[in-house]
Asker: 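One structure follows; several queries about it will come next.
These numbers come from a predicted model, not from an experiment.
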Amino acid sequence: MMMKLLSGDSPRSKMLSAVLLLILFGLMFAPFLFPGTRSLDTAARICIFIVLVASYDLLLGYTGVVSFAHTMFFGIGAYGTALALVNMGASYSAIVLGTVCGALVAGAFAFVIALFSLRVKAIFFAMMTLAVASAFLVLISQLSGITGGEDGLSYRIPREMTPAFKLIKEKVLGVRLNGKLITYYVVFFSSLCLFLVLLRMVNSPFGRVLQAIRENAFRAEAIGYKVVRYRSVATILSAVMAALAGSLMAIWLRYTGPATTLSMDIMVDILLMVVIGGMGSMYGAVIGAVLFLLTQSYLQDLLGILQESLGSLPVVSDVVSPERWLLWLGILFICSIYWFPKGVVGRLRGT
Amino acid sequence: MSDSLIKPRIERPPLSEVIEAKAPLFLVPVLMLIGLLAIGSGSTWLTLTAAGLAMGMMIFIMASGLTVIFGLMDVINFGHGAFISLGAFAGFTILGLLGGWIESPSIALNLGAVLLAVAFAMLVTGLAGYGFERLIVKAVYGQHLKQILVTMGGLVVTQQLIYVIWGPDEIVLARPTAFQGSFVVLGAAIEKYRVLAIAIGLALFVAMRLVLSRTRIGLLVRAGVQNGEMVEALGYPIQKLFLAVFMVGCALAGLGGVMWGLYQETITAHMGAEVMISVFIVVIIGGLGSIEGCFIGAMLVGLLTNYTGFLIPKLALVSTILLMGAVLMWRPQGLYPVVKAH
Amino acid sequence: MSDALLTLKGVHTHIGPYHILQGVDLVVPRGGVAVLLGRNGAGKTTTLRTIMGLWQASQGAILFDNAEIQKETTPAIAQREIAFVPEDMGIFTDLTVHENMLLAARSGAIDKERLNWIFGLFPPLKTFWQSAAGNLSGGQKQMLAVARAIIEPRKLLLIDEPTKGLAPAIINAMIAALRELKEMQTTILLVEQNFSMARAVGDTVAVMDDGQIVYSGEMAELADDAELQEKLMGLSLEAHQ
Amino acid sequence: MQADEKPVLSTRDLTIRFGGHVAVDAVSCDFHRGTLTAIVGPNGAGKTTYFNLISGQLAASSGHVWFNGEDITRMSVADRTLRGIGRAFQLTNLFPGLSVRENARLAVQAHQRMGMDLFSMADSHVELIQRAEHILAEVHLLDKAEQITSELSHGDQRKLEVALMIAIGPQVLMFDEPTAGMSVDEVPIVLDLIRELKQDKDRTILLVEHKMDVIRSLADRIIVLHNGELVADGDPAEVIASPVVQQAYLGVAPEEKEEGAHV
């Protein structure tokens with residue numbers, strides 16, 4: 001049963017299994033284990049980014065295609081849901097309709113991009129997606145009449161999903177059972193399902209073909225797989241999954257703007273998460289997202305302490321200043337590409 | 001020796017092929033004409049065209065380094081944008097120190113300050129390019145996937161280092177006095193700085209073409225683009241050539257950075273990454289590895305951005321994407337591909 | 001062994017999983033034309049590329065002018081005055097004939113007298129001096145490839161199948177050129193599949209098969225011994241007639 | 001060979017030009033079921049290019065390729081493969097990071113056209129895996145099924161190369177120098193394999209090979225390419241002995257006169 005859920009793709013390492021179980025447990029009981037708005041927000045972001053990063057890994061790690069348009073698809077999903085909620089009011093049907101439309105539009109966009117550029121060199125595809133995604137970002141920022149421009153969109157979601165809604169009056173284990181909690185679990189279980197679906201996809205006959213294409217596209221074609229078609233489908237699937245993650249983000253934040261969904265900074269973050277966690281393994285996405293977001297939220301505190309103790313040295317204190325955490329992750333990222341290309345997961349598996 | 005078989009013979013290509021080959025040359029004039037028809041007003045059109053050409057020239061300066069590096073080494077440096085920012089910051093540091101020169105009404109002092117700033121920026125970015133090539137790029141020649149990732153990592157790290165050195169805030173600096181204001185030509189206001197940018201861009205384009213066609217280094221670069229192995233077998237260390245070209249490419253990014261910074265009068269660590277979008281579009285339109293294609297592509301993007309920026313402001317960047325799509329439908333490899341994208 | 005310009009001792013070369021050269025021993029005497037024969041895939045091209053440092057020998061020694069060169073880079077080896085004409089000719093097709101030649105002249109300038117001599121050997125090069133090399137025919141490209149190698153005097157020429165796919169008249173032009181070079185005491189290591197070409201210019205001959213030298217000796221000996229030829233060429237022609 | 005039977009594969013005036021160079025020049029040839037045809041010729045004669053035109057890696061400049069009465073000249077590599085044209089490459093061409101079993105399984109899966117199955121578990125298709133293992137057994141690789149392909153010896157990689165070709169259920173099998181770069185003791189294994197494959201009279205085998213002893217022991221027929229043209233076609237013994245082959249391999253005739261003039 002367990003193996004079937006994991007699609008036969010076991011972590012293959014005691015250490016990795018333990019870490020994954022810890023993460024699962026931590027996220028499942030996050031509201032009770034780590035009470036507080038900030039930690040719940042971090043937990044929800046982790047759930048959503050696991051899906052987002054895993055869907056990116058489908059493309060980068062499994063198919064060997066570098067795309068910089070992943071945040072565009074993430075944004076399309078988020079804006080789809082957001083626009084539906086803004087225009088149709090806070091209803092469940094708006095959420096469903098927005099999510100479905102977002103996913104469809106993302107898939108269609110991905111199809112067009114694939115049509116144009118997947119026949120050519122990886123570099124070409126990377127440049128093209130970067131340009132298209134940036135133009136999309138600018139377009140969204142400028143169409144302020146529809147998208148709210150730089151300010152983004154704030155909207156209401158159904159009352160049952162807001163903090164104002166109380167499930168029961170009493171606190172359970174010191175935690176108030178309100179609508180926010182419900183939303184968290186909606187996010188958590190949706191993410192879990194999406195992740196398991198992705199895990200199934202990469203372990204399906206289709207997923208194996210993607211790996212074959214990554215290993216040797218020429219030969220994949222010569223045993224009867226149409227490489228362009230498979231790459232296109234992978235691009236579309238990855239885009240749809242990213243859009244669904246975007247919808248979850250829209251619901252969780254009750255706000256959608258360029259900075260939270262479309263920005264190139266997020267694209268870089270995703271890249272860092274995939275590579276540091278481990279390309280070509282869905283579990284790498286989990287580890288990468290957890291590691292990165294925890295660092296983002298809490299390492300700054302740590303570096304802040306470090307900086308205070310080094311306060312007197314001018315350059316050193318700049319380099320370890322809390323705002324410069326990305327510098328260190330960037331260096332870690334480059335090092336991992338060179339020295340442990342299978343990332344943390346590869347390390348834990350001892351390969 | 002029977003001469004019949006080795007008799008000199010070169011086939012003349014049919015006229016249609018000649019026209020097809022030259023067709024990209026007409027794109028810029030055609031776009032200008034369409035712009036004139038769409039805008040209607042001659043003086044507005046002239047202002048926009050000057051602005052477009054100036055913008056195109058600056059993008060060309062930044063893109064030329066990237067495309068030459070790609071042609072020769074098969075490396076696309078996604079961190080190229082970091083060198084644009086780095087150059088801008090280095091140049092602005094010098095301009096900041098020479099504040100008196102900039103504010104003085106003397107053209108000589110103004111120009112001197114700008115030249116010093118440019119020289120320093122190119123020096124810094126050239127040296128940074130040396131480090132970048134040795135530390136980051138050298139180990140991933142020929143591995144595109146890793147190359148994209150690793151140079152992207154380099155971009156992140158360099159941006160952060162800029163923050164460390166210059167602080168997180170943007171720097172605002174007015175242009176030297178002599179380059180403020182505009183000329184009035186045929187009733188159209190043309191900013192002085194744009195004229196300067198066009199002049200520098202043109203000079204660079206001509207200089208690059210001359211270096212490539214007339215000098216030994218240029219000969220080596222052109223040969224290396226085609227067959228690096230044979231260049232080595234003729235006794236030239238191609239790794240050194242790679243390094244030199246990489247440094248020059250980065251120095252050009254630095255030059256472009258200073259010019260772009262002076263144009264915007266504001267610089268941020270992200271500015272390079274932002275301009276890179278146009279740079280990539282230009283390189284794709286021009287065809288990977290081609291200086292001529294890059295030049296035409298840059299002019300097209302510059303002009304189109306300014307025309308649509310005037311006509312339908314919200315679609316300025318999107319229009320260049322559409323242009324890219326159109327060019328790729330016509331020529332899937334770009335206008336003048338030196339390196340096949342397959 | 002003072003008369004040997006180039007010596008290979010037990011050279012092994014691996015390319016990926018392939019073990020191509022499996023202990024090659026080869027001597028190229030100073031001032032002579034050594035021919036390397038053998039069927040496709042025997043390792044002839046790999047031998048030349050290994051000498052040039054384009055592929056690294058995994059084992060063994062390569063001595064040129066009494067110096068070990070097997071660890072050196074390709075440019076360093078070329079600067080020892082070795083010229084290489086690769087199998088695919090390595091023409092820079094976007095460059096003109098002139099520019100191709102100019103690049104091969106490492107001193108930076110082309111010696112006029114020598115150039116005229118080359119024009120005499122290969123007249124089409126003069127005609128197309130300013131044309132893009134890509135417009136030349138296959139035979140003309142091959143002429144350019146050889147001309148590039150001899151634009152300046154070199155100690156050793158490595159030439160890989162200069163007759164491949166060429167018309168007889170051009171092959172004869174090649175033979176004439178190689179004979180002139182031979183008279184000028186240029187040392188040449190020539191890879192060939194075309195035995196008549198080999199016989200026309202070779203002093204010594206080595207035959208390769210499966211990554212090893214299976215025969216080496218004087219060309220005259222092999223040329224006279226039909227039985228040996230059959231055995232070595234792998235084509236027992238007369239046996240079936 | 002039944003000459004009256006319709007050919008499985010035929011090429012008609014098949015030509016490809018690279019710039020001015022004609023690499024394959026109007027080659028017309030029929031290949032019949034149950035035969036093994038060896039294709040010989042000196043370096044650069046166009047043998048591998050001819051293969052590439054048949055299997056689709058290169059697009060013909062003119063002429064046609066027919067397979068079972070269908071014109072496949074403009075078809076993609078994948079479509080030709082699925083129709084039954086299998087190819088073992090000159091340079092080993094596998095999925096290096098995957099296991100040997102997975103390599104074979106992928107080829108079987110392609111043959112069953114199951115690549116677009118998104119939601120079943122690849123490992124749950126037992127019949128597929130069994131078929132893959134059966135094929136691995138056929139090429140004597142079953143005991144190495146768990147190994148990562150890049151770690152195999154060169155000889156074993158060549159066997160796997162053949163396994164991938166068999167797995168796609170081909171009617172036409174194309175071997176491009178199957179023994180190139182192999183050590184002496186590995187060569188017979190591959191030759192035996194080809195011999196076994198030849199037993200199946202439904203299969204048509206095309207073989208590019210240089211070693212004449214190999215050709216003599218395997219081929220029913222030889223065709224000779226020289227400078228892209230088909231210059232000889234027929235019974236092995238006759239073709240090997242023919243002057244045209246002699247000339248193609250040993251050099252050009254005019255040279256003799258030249259020699260006379262100089263010596």
Asker: Roughly how far, to the nearest 0.5 Å, is CG of Asp88(C) from CD of Glu229(B)?
Answerer: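 So the gap between those two atoms works out to 8.0 Å.
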Asker: Please determine whether the number of non-hydrogen atoms from other residues, nucleotides or ligands lying under 6.0 Å from atom CZ of Phe119(C) exceeds 12.
Answerer: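 More than 12 within 6.0 Å, yes.
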Asker: Sort Arg49(C) into side chain, backbone, both or neither according to what part of it lies under 4.5 angstrom from a heavy atom of chain B.
Answerer: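 Side chain of Arg49(C) only, per the 4.5 Å heavy-atom cut-off to chain B.
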Asker: Are the side chains of Ile91(C) and Met230(B) in contact, using a 4.5 Å heavy-atom criterion?
Answerer: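 Not touching, per the 4.5 Å side-chain cut-off.
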Asker: Tell me whether the count of non-hydrogen atoms from other residues, nucleotides or ligands lying under 6.0 Å of CG in Leu202(B) goes above 12.
Answerer: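 Yes, enclosed.
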Asker: Of all heavy-atom pairs between Ala233(B) and Ala78(C), which one has the smallest distance, and what is that distance?
Answerer: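 Reported closest heavy-atom pair: O-CB, 3.3 Å.
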Asker: At a 4.5 Å cut-off on heavy atoms, which part of Ala105(C) comes close to chain B: side chain, backbone, both, or neither?
Answerer: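 Ala105(C) touches chain B through backbone heavy atoms alone.
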Asker: Got a sec: does the CZ of Phe26(B) have more than 12 other heavy atoms crowding it under 6.0 Å?
Answerer: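 For Phe26(B), atom CZ is not crowded (no more than 12 foreign heavy atoms under 6.0 Å).
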Asker: Give a yes or no on whether Gln130(C) atom CD has more than 12 heavy-atom contacts from other residues, nucleotides or ligands under 6.0 Å away.
Answerer: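 Count over threshold, so yes.
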Asker: Kindly compute the distance separating NE2 (His98(C)) from CG (Leu219(B)), expressed to the nearest 0.5 Å.
Answerer: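 Result: 9.0 Å between the selected atoms.
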Asker: Closest heavy-atom contact between Pro237(B) and Pro75(C)?
Answerer: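 In this case the closest contact between Pro237(B) and Pro75(C) is CA-CG, 3.5 Å.
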Asker: Less than 4.5 Å apart, side chain to side chain, heavy atoms only: is that true for Leu95(C) and Arg222(B)?
Answerer: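 Side-chain contact under 4.5 Å: yes.
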Asker: Is Phe92(C) close to Val231(B) at the side-chain level, that is, under 4.5 Å between some pair of heavy atoms?
Answerer: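 A side-chain contact under 4.5 Å exists here.
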Asker: Out of Asn100(C), Leu103(C), Thr74(C), Leu102(C), which one racks up the most heavy-atom pairs below 4.5 Å with chain B?
Answerer: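 Most pairs with chain B among the choices: Leu103(C).
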Asker: Top residue by heavy-atom pair count (under 4.5 Å) with chain B, among Gln79(C), Arg80(C), Arg148(C), Glu99(C)?
Answerer: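 Among the listed options, the one with the most contacts to chain B is Glu99(C).
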Asker: Is it true that, when you exclude Arg216(B) itself, more than 12 heavy atoms of the residues, nucleotides or ligands shown sit nearer than 6.0 Å to its CZ?
Answerer: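 More than 12 within 6.0 Å, yes.
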Asker: Would one find more than 12 heavy atoms of other residues, nucleotides or ligands at under 6.0 Å from atom NZ of Lys146(B)?
Answerer: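 Enclosed.
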Asker: Which heavy atom in Arg106(C) sits nearest to a heavy atom in Leu234(B), and how many Å separate them?
Answerer: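 Minimum heavy-atom contact is NH1-O, 2.8 Å.
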Asker: Is Ala104(C) in contact with chain B via its backbone, its side chain, both, or neither, using a 4.5 Å heavy-atom distance?
Answerer: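 Looking at Ala104(C), backbone and side chain both touch chain B.
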